[in-house]
**Student:** 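Starting off with a structure, shown below.
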Amino acid sequence: MSDTPSDISHDQHAVRRQKLAEMRAGGFDPFRASFATTHFSAGALGAYVDGQDNAVSVSVAGRLVVIRDMGKSQFVKILDQQGPIQLYVKKDVVGDEAYAAFKKLDLGDIIGARGALFKTKTGEVTVRVERSVLLAKALRPLPEKWHGLSDPEQVYRQRYLDLIVNAESRARLQRRSRVVSHIRRFLEERSFIEVETPVLEATAGGAAARPFVTHHNALNVDLFLRIATELRLKRLLVGGFDRVFEIGRIFRNEGVSRRHNPEFTMLEVYEAYSDYRGMMKLVRDLLTGLVRDVIKPDDGSLKIRHAASGQDIDFGGEWREVRYKDLVLSTTGDAGWFQRPKAEKIARAESLGLVVDPTWEEFEITNEIFSKKIEPTLIQPTFVTHLPKELCPLAKLNAEDPTVLDVFELTIGGMEIAPAYSEQNDPDVQREMFEHQAGGERQNVDQDFLLALEHGMPPAGGMGVGIDRLCILLTGAESIRDVILFPQLRPGGGAA
RNA sequence: GGGCUGGUAGCUCAAUGGUAGAGCAGUUGCCUUUUAAGCAAUUGGUUCUGGGUUCGAAUCCCAGCCGGCCCA
């Protein structure tokens, strides 16, 4: 009984290993089996002709996730990429031997089954199994069927378990794939060319961020993982690729948080002979298309529920356009803000509850107010324009007011979703901006990029879209980790 | 980096400093249209790790490991 050392009934791993050993001893190895399917689950369900039981035969395969055993028959469910489908296995249909084998299956096993579709008396389209085969033995048990897997650490470290048992995770992460796919189609339809530029670079430019450093042995040089694709893509504008984009992994050697993963995905788009206003139309068409065709709100609107604020974000309404300076003035309540001496700016920022580093430049104090006090309140799609020139060295200065830039920052749901510029194509101004920035931030100047600009870059609009944040917004996720299949965690720990 | 908080059976969770429990999963029976199927019986624990306090620690204290939230 239970006290003999050979009782392994409590050890699910051992029980399953024993079943596998018995199968192999009996001449069947599930890991050598194969199976031809005719449908995925949703396709099979769709193939059922209403009112015509047993008219359509299908072959389906997937992981066994529900078993309801009623003695001489059982209802089970298998799960594939499209979701679950129910199978009905009846002893007097499959025969005694096959039925006995079927009864030995465990939750988590991967099986294939063939049979005709029928509708049960409770109305569920089901495969009446004629033949089935075990295609892979699961030696480990599945997490609990009702509550799923909820330990966040295990969800991230063993994402495959999360995907098996948590339907919302499965849906959310598949939705991400459709978002990216939609973006590709959208841009290709508009004659944009997708390109791939190097991840390893001698100079990590195009943004202000700490890069990862690695080493190339054969060349004996340190290289950086890119922190942006901007400078490469602009070289392609010089080369005559007039409309280019890259959906690429970006690496920034900074903290990990609900909004930050050290590697993330960025779309960058450049369109020659356009400008930041052209980018406004492009991004608006892109996002409304995503909501309409990928998210497909139930009520047919273009509204998405924003969990944090409880508001509906309406992609179909007017997209507000407002100048950075006006937002700052109204938030500080100080019409003379930009003329105030630094000490007064610091005092006002601190009175708003912000922590200000006294070594900051004045524009950094202002921008701290913008990013902490203003941006989070911009829930509806908002183009913030006319940003101060210090904020982006790669954009064109405004012709009427050279203290501001011809750019926008699209903010939705309190998050910066897409910055866009009229791209700087004057090599001399660009050099000046770089050198000024290098002084303060010791960012390396990319001389080859400046050389490329001297060959002439067409005027262009350019835009970056953080795909992860966009997916947070579109899927209503709480954390960037929920829209990245395998988010970064400290190695080790957790899973056995 | 700082503050708060968590780690108990395969999973989801309980347990005044006093014999570590439940549900699901597992095992053994019964059940030929179930929907978290049902009924009966039953197995299973290095309470994250290492110290300390105590007659006695899952529980209190310290350190570490791995998470989560907030802040920087």
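Note on naming: letters A, B, ... go to the chains in the order of the sequence lines (proteins, then strands), and numbering restarts at 1 for each one.
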**Student:** With a 4.0 Å cut-off on heavy atoms, is Val165(A) in touch with a base, just the backbone sugar-phosphate, or nothing at all?
**Tutor:**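 The residue Val165(A) makes no contact with any strand.
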**Student:** Only pairs with both distances under 3.5 Å count, Watson-Crick or wobble alike; so what is the partner of G1(B) in this structure?
**Tutor:** C71(B)
**Student:** Ignoring hydrogens and geometry beyond distance, is the side chain of Gln74(A) in donor-acceptor contact with the base of U34(B) at under 3.5 Å?
**Tutor:** no
**Student:** Which of these nucleotides, U34(B), G26(B), C31(B), is closest to any side-chain atom of Phe75(A)?
**Tutor:** U34(B)
**Student:** Rounded to whole angstrom units, what separation is found between the NE2 atom of His13(A) and the P atom of G10(B)?
**Tutor:** 13 Å
**Student:** What is the nucleic acid contact for Arg140(A), judged by heavy atoms within less than 4.0 Å: base, sugar-phosphate only, or nothing?
**Tutor:**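 No contact.
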**Student:** Provide the distance between the two C1' atoms, one in G2(B) and one in C55(B), to the nearest whole Å.
**Tutor:**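 Going atom to atom, C1' in each nucleotide, I get 40 Å.
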**Student:** Check every atom of U33(B), G68(B), A25(B) against the side chain of Tyr156(A) and return the nucleotide holding the closest atom.
**Tutor:** G68(B)
**Student:** Quick check against the 3.5 Å criterion: does Gln82(A) have a side-chain atom that pairs as donor or acceptor with the backbone of Ala42(A)?
**Tutor:**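 Flag set: sc Gln82(A) to bb Ala42(A) pair under 3.5 Å.
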**Student:** Any donor-acceptor pair, under 3.5 Å, between the side chain of Gln12(A) and the base of A25(B), if you only look at N and O atoms?
**Tutor:** yes
**Student:** What's the closest nucleotide to the Ser9(A) side chain, out of U33(B), U27(B), G10(B)?
**Tutor:** U27(B)
**Student:** So, the side chain of Glu361(A) versus the backbone of Phe363(A): is there a donor-acceptor pair under 3.5 Å, distance only?
**Tutor:** no
**Student:** Measure from the side chain of Arg481(A), starting at C-beta and using heavy atoms only, and say which of G68(B), G67(B), U43(B) lies closest.
**Tutor:** G68(B)
**Student:** Roughly how many Å is it from CG in Asp69(A) to P in G38(B), rounded to a whole number?
**Tutor:** 13 Å
**Student:** Give the rounded distance in Å between these two atoms: CG of Leu139(A) and P of G10(B).
**Tutor:**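 Atom CG in Leu139(A) sits about 16 Å away from atom P in G10(B).
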**Student:** Could you work out which one of U12(B), C31(B), G67(B) sits closest to the side chain of Arg157(A)?
**Tutor:**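 Within the option list, the nearest is G67(B).
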**Student:** Quick one: which of C70(B), U34(B), A36(B) gets closest to the side chain of Arg258(A)?
**Tutor:**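 It is C70(B).
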**Student:** Across all strands, who's sitting opposite G17(B) as a Watson-Crick or G-U wobble pair, both distances under 3.5 Å?
**Tutor:**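 Paired with no nucleotide.
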**Student:** Does the base of U34(B) carry an N or O that pairs as donor and acceptor with the side chain of Thr120(A) under 3.5 Å?
**Tutor:** yes
**Student:** I'd like to know if the side chain of Gln380(A) and the backbone of Asp314(A) have a donor-acceptor N/O pair within less than 3.5 Å.
**Tutor:** yes
**Student:** If you measure from the P atom in A63(B) to the same atom in C69(B), how many Å do you get, rounded?
**Tutor:**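 Rounded to whole Å, the distance is 24 Å.
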**Student:** Using only modelled atom types and a 3.5 angstrom limit, is any donor from either the side chain of Asp92(A) or the base of U32(B) paired with an acceptor on the other?
**Tutor:**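 Between U32(B) and Asp92(A), which were checked side chain against base, a qualifying N/O pair under 3.5 Å is present.
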**Student:** Do Phe224(A) and Phe212(A) have ring centres separated by under 6.0 Å?
**Tutor:** no
**Student:** Output the single nucleotide from U34(B), C13(B), C69(B) whose closest atom is nearest the side chain of Ser150(A).
**Tutor:**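 So the side chain of Ser150(A) is nearest to C13(B).
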**Student:** Looking only at side-chain atoms of Thr126(A), point me to the closest of U34(B), C11(B), G26(B).
**Tutor:** U34(B)
**Student:** Establish, yes or no, whether the cationic atom of Lys137(A) lies under 6.0 Å from the six-membered ring centre of Phe31(A) and within 45° of the ring axis.
**Tutor:**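 Output no; distance or angle outside limits.
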**Student:** Give the nucleotide from the list C69(B), G67(B), G44(B) with an atom nearest to the side chain of His10(A).
**Tutor:** G44(B)
**Student:** Closest to the Lys103(A) side chain: U12(B), U34(B), C31(B)?
**Tutor:** C31(B)
